[in-house]
Every structure is written in structure tokens, then in C-alpha cells.
Amino acid sequence: MTIEFSNEQAAYQPLAARMRPSALDQYQGQAHLLSKGKPLYESIVQGNLHSMVLWGPAGSGKTSLANVLAEHCSANFKQLSAVLSGVKDIKAVLDEAEFYRQQSNLQTVLFVDEVHRFNKAQQDVFLPFIEDGRIIFIGATTENPSFELNKALLSRCQVYKLTPLSPEDVGVLVRRCLASDAFSDSEINVSLSDSQIERIALMSNGDARRALNLVECIVTHLHQLGETSLSYESLHEVLSDQGIVFDKKGDVFYEQISALHKSVRGSDPDASLYWLARMLNGGCDPLYIARRVVRMASEDIGNADPRALQLTLNAWDVQERLGSPEGHLAIAQAVVYLACAAKSNAVYKAFNQVMRDVAQQPHYDVPMHLRNAPTQLMKDEQYGAEYRYAHDEENGFASGENYFPEALKHTRYYEPFERGLEIKIKQKLKTLNDLNNQSTRKRYP
């Protein structure tokens, strides 16, 4: 593999842009969409354009796919960035599309990058043009379109989910770059081994643009040194300077915290530590993780092991008091404890159900026997009448008493599981329930 580089260059264009495919057979990845027989592939091949939203992470090929589609179908290609464009820019492009359609019967593919950045009014501008076919709309987004795009816009577009490229696909792109004339003005030849290419592919995390940027950094580095081959140390130096990509409030962020939560719930301490490390390594606020870990203790461990909640609060406190790395270790300790602890969502289920019932049912009055009577008037009105003070009863339990409004007298919410401490809780509640059933002093016969 060789690559060429020269000091004498035309206006700079990033390697990723220079390597952008211009034909369908040059497009790499997304086989689940672009294999023969797949609806999108057949649509492109047959020239049957339709409006769509391309949803996928950075570097998965959204812009390249839009370019290839327009090129294959000989359409006028226009591009807008939702970060930089306003309604005036949108209308100017739409007017131009209408001109091309009337003058030359040429269809326009309008590609809108980061379309989720447009507000509702801006998104609505496209609707009539998509509706009557005056433009083929292709929106690209890294965020879940069901949350970020108007229903009216989504109803007029087919959504295609793009995935990160596999290391094999990224390797193909890197090798293709090395075999091309991407650096055509020759001064030196640079050689990259297969293992180095594989390392670059892995470090790119499925992002083709990131992979090609790494190649460009490597070539620049070697050119500055006047060398033609890359040592392991040099590769490590270049890769270590690239930083970690972490989407702090996007889909990847929520996917990773979801993976951490599900790993804890699934009692896998190793996977739990892995996702914790991924988030910390990517720059996630450790206090955010600490708060979520407290939630896990209540939602998934509950009364099966009540110590879990205190341990997570302690870890949160350590992070706030000492910062990192001490706080990271405390959070890791809590995460491992939660993963290994007995699991119960009985309280979580009971609480959610009672909240739904309270929202949907009438607001029943507090029964008279449960009302406080601090004044004589309230006592005369029978507030607190017939209340049985549990501490004065046998074994500290007033069998047959009921603390619900009468309309709800047989309601049960909390159903402990046969796990951890809840085994004993369940046994105790059964004993108390048996005493209630046997009592001759039932509040609501």
C-alpha cells in the first residue's frame, strides 16, 4: 500500500470529502439497505426517487448516500445545513428547484443536514413541496427522528436507519484511499501495514470520516518527519491525540446509560463495569451517573437488599466530596454491588400502579378512624373514633384493622418476591394477612 503527498497543493479539501463516492458501487457499508433486493437499493437502481430521512451516527454515510442517489438519478443536487440556514435560505433553494423543474424538467434532490436542528416552522416550509413532488427531500439526522421531527414531515418521508460501519468496511475505505490518487502530487511514498489499517479501523468506531481523518493525520505526521513507514510508537502517538468521541446528550448517551442500567438489572457486574468505564472515559459527568445509580438501587433492587440504596448515596457523596478518581472508584463499587445484589422491582411496580390509580380514581375521604382529633369539636364529630393504637394490641398489630378508604378495602399493591430480604418481608406480610382474615374485629366486614 502506498500513498503520496506534496507541499504543492490546490485549495485544501479534507480527505474524507475527496474520497466521497460518486457511484453506488463505490458506496461502502449499510448492506441492510443497499444489497440487491432491498427496497432502497432497488429504488435507487430503477431511478424511483422518494423523500426520506437518513438516521444514523456521524460518519455512517448519510451525505454520501444522498450524493450517490442524486448522481445515479441525474438529479439537481442542493444541500442545506440546518445549523446555518434559515427560512429565507430554504425558500431560495425551493424557488430554484421549481425553476429547474419548469425549465428543464429536472428533478431536485434537496439534502438537509442536521435536519433536527430546524424548528417546527422551518420544517413545515418543506411540506407542500414534498407533497406534490417538486423536490425529493432527504433529511439527515443523528437524533431519533420520532422525537426530533414533526409528524407531518415524517409522514411524508421514509425513514432509513444507518448503522456505524463495521471495522471491515472501514478497512476497505482506508485501503481504497491508499490505492487512489487522493494525494496525487508525489514527493514521498508512505506504507501502512494491514495491522496498522486494522488498528485505524477499530479506533474510528464505525465513523468513516474519522478513519480518513486519521489517515490524513498519519500522512501529515510522516511527511513532517520525512519518513515513509509508521512505527507502532508513531501510530500510538497519532491515535492518542485524537480524543474520545462521546455524544453527551444524544442517542449514544442514552443508549450507553441504558446499557449500564440493563447490565446491572441483569446481574452482570463485568458488563456493568464496562459501560460505566465507557461513559467515564467518554467524558460523561460522573455525578449524572451517580444519580442514575441511585435510581437503579430503588428501581431494581428495592427491599430485596435495602443496603444498596445507602451504598449508592455514599458513592454519590464521595464523588461530590473528593471528585475523581476517588469518586469513580466509589461509583464502580456501588455498580458492582448493585449488579450482584438480589433483585426486586416490587416497590417500583407498586408505586407506579398506585400513582396511576390515584390519578384515575375519585379522591376518597380519609376514613374517620384515621383522622386526627386535636380539638374537642373534632372529637365530637367522631374524628379518630374507634382508632386502634397498634402498640396496645397483641404483638403490636391490630388484626382486622384497615387503613384504606372503604371502597379500596381489599386493594393490594406491594407483592414482594422470593429474593433477598423480601423473602422475609413476604413471610411477615402473609402472617399479618392471615391474622386479619381470622380477626373478629374487621373494620370493613
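Everything numeric here is computed off the predicted structure, so don't read it as measured data.
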*Spell out, as yes or no, whether a donor-acceptor pair under 3.5 Å connects the side chain of Q123 to the backbone of N150.*
yes

*How are the rings of F126 and F118 set to each other: parallel, tilted or perpendicular (split at 30° and 60°)?*
tilted

_Trace of the side chain to side chain contact (heavy atoms under 4.5 Å, CB included) decision for K428 with L432_ = CA-CA 6 Å; K428 179 176 180 178; L432 297 180; 4.1 Å; yes

*Could you tell me whether the side chain of V115 reaches within less than 4.5 Å of the side chain of F137, counting heavy atoms only?*
yes

*How far apart are the C-alpha atoms of V68 and S22, what are their side-chain angles, what is the distance that settles it, and do they pass the side chain to side chain contact (heavy atoms under 4.5 Å, CB included) test?*
CA-CA 5 Å; V68 165; S22 59; over 6 Å; no

*Identify which one of V112, V125, L110, D95 satisfies the side chain to side chain contact (heavy atoms under 4.5 Å, CB included) criterion when paired with I90.*
V125

*For N205 against P164, the heavy-atom pair lying closest together*: O-CB, 4.2 Å

*Check whether any side-chain N or O of K62 sits under 3.5 Å from a backbone N or O of G56 as a donor-acceptor pair, and report yes or no.*
yes

*Take K426 and E422 through the test salt bridge (Lys or Arg N to Asp or Glu O under 4.0 Å) and record every step on the way to the result.*
CA-CA 6 Å; K426 185 172 185 177; E422 280 198 324; over 6 Å; no

_Any heavy-atom pair between the side chains of P416 and Y414 that's under 4.5 Å?_
yes

*asked:* A quick test of your reading: do over 12 heavy atoms of other residues, nucleotides or ligands sit less than 6.0 Å from CZ of F77?
replied: yes

*asked:* Checking the side chain of N345 only, and the main-chain atoms of Y348 only, is there a donor and an acceptor separated by less than 3.5 Å?
replied: no

*Note, P405 side chain near D365 side chain (heavy atom, < 4.5 Å)*: no

*Any donor and acceptor pair, going by atom type alone, linking the side chain of S166 with main-chain N or O of D169 inside 3.5 Å?*
yes

*R419 to F417 six-membered ring, cation-pi geometry met (6.0 Å, 45°)*: yes

_Pair D124 + K120, salt bridge at N-O below 4.0 Å_ = yes

_Please list all pairs meeting salt bridge (charged side-chain N to carboxylate O under 4.0 Å, His left out) that have one or both residues in residues 300-319, counting only residues at least two apart or in different chains._
R265-D300, D305-R307, D317-R321

*Do you know which two heavy atoms are closest between L162 and P57, and how far apart they sit?*
O-CD, 3.5 Å

_Whether the side chain of Q361 engages the backbone of V358 through a donor-acceptor N/O pair (distance < 3.5 Å, no angle test) should be reported._
no

*T312 side chain to L309 backbone, donor-acceptor under 3.5 Å*: yes

*Hey, are the side chains of L80 and D113 touching, using non-hydrogen atoms and a 4.5 Å cut-off?*
no

*What is the distance from atom CD of E98 to atom CZ of R134, rounded to the nearest 0.5 Å?*
5.5 Å

*Can you name the closest pair of heavy atoms from P21 and S64 and give their distance?*
CD-OG, 3.6 Å

*asked:* Ignoring hydrogens, what is the shortest heavy-atom contact between A315 and A330? Give both atom names and the distance.
replied: CB-O, 3.4 Å

_Nearest heavy atoms of Q122 and R117, plus distance in Å_ = OE1-O, 4.3 Å

_Spacing of CE belonging to M52 relative to CD1 belonging to I130, to within rounding of 0.5 Å_ = 11.5 Å

*Dump the intermediate steps for side chain to side chain contact (heavy atoms under 4.5 Å, CB included) on V293 and I289, then the final yes or no.*
CA-CA 6 Å; V293 170; I289 301 176; 4.0 Å; yes

*asked:* What's the separation between atom CD in Q319 and atom CD in E326, rounded to the nearest 0.5 Å?
replied: 9.0 Å

Side-chain donor-acceptor pairs of residues 31-40 under 3.5 Å, sequence neighbours excluded:
residue: H32; atom: NE2; partner: K161; partner atom: O; Å: 2.8
residue: S35; atom: OG; partner: A31; partner atom: O; Å: 2.5

*Answer whether the closest heavy-atom distance between the side chains of Q30 and L65 falls below 4.5 Å.*
no

*Does the side chain of H50 come within less than 4.5 Å of I136's, by heavy atoms?*
no

*Donor-acceptor pair, K343 side chain versus A339 backbone, under 3.5 Å?*
yes

*Write out all pairs satisfying side chain to side chain donor-acceptor pair (under 3.5 Å) with one or both partners inside residues 67-80, taking only residues at least two apart or from two chains.*
N76-T108, K78-E96

_Heavy-atom neighbours of F404 CZ exceed 12 at 6.0 Å_ = yes

*Heavy atoms, side chains only, cut-off 4.5 Å: are I218 and I200 in contact?*
yes

_Could you tell me if the side chain of V336 sits less than 4.5 Å from the side chain of C340, heavy atoms only?_
yes

_Non-hydrogen atoms of S272 and L260 that approach each other most closely_ = O-CD1, 3.2 Å

_Check: K262/S258 side-chain N/O donor and acceptor closer than 3.5 Å_ = yes

*Measuring from L165:CG to R210:CZ, what's the distance to the nearest 0.5 Å?*
14.0 Å

*Distance from E320 atom CD to L287 atom CG, nearest 0.5 Å?*
5.5 Å

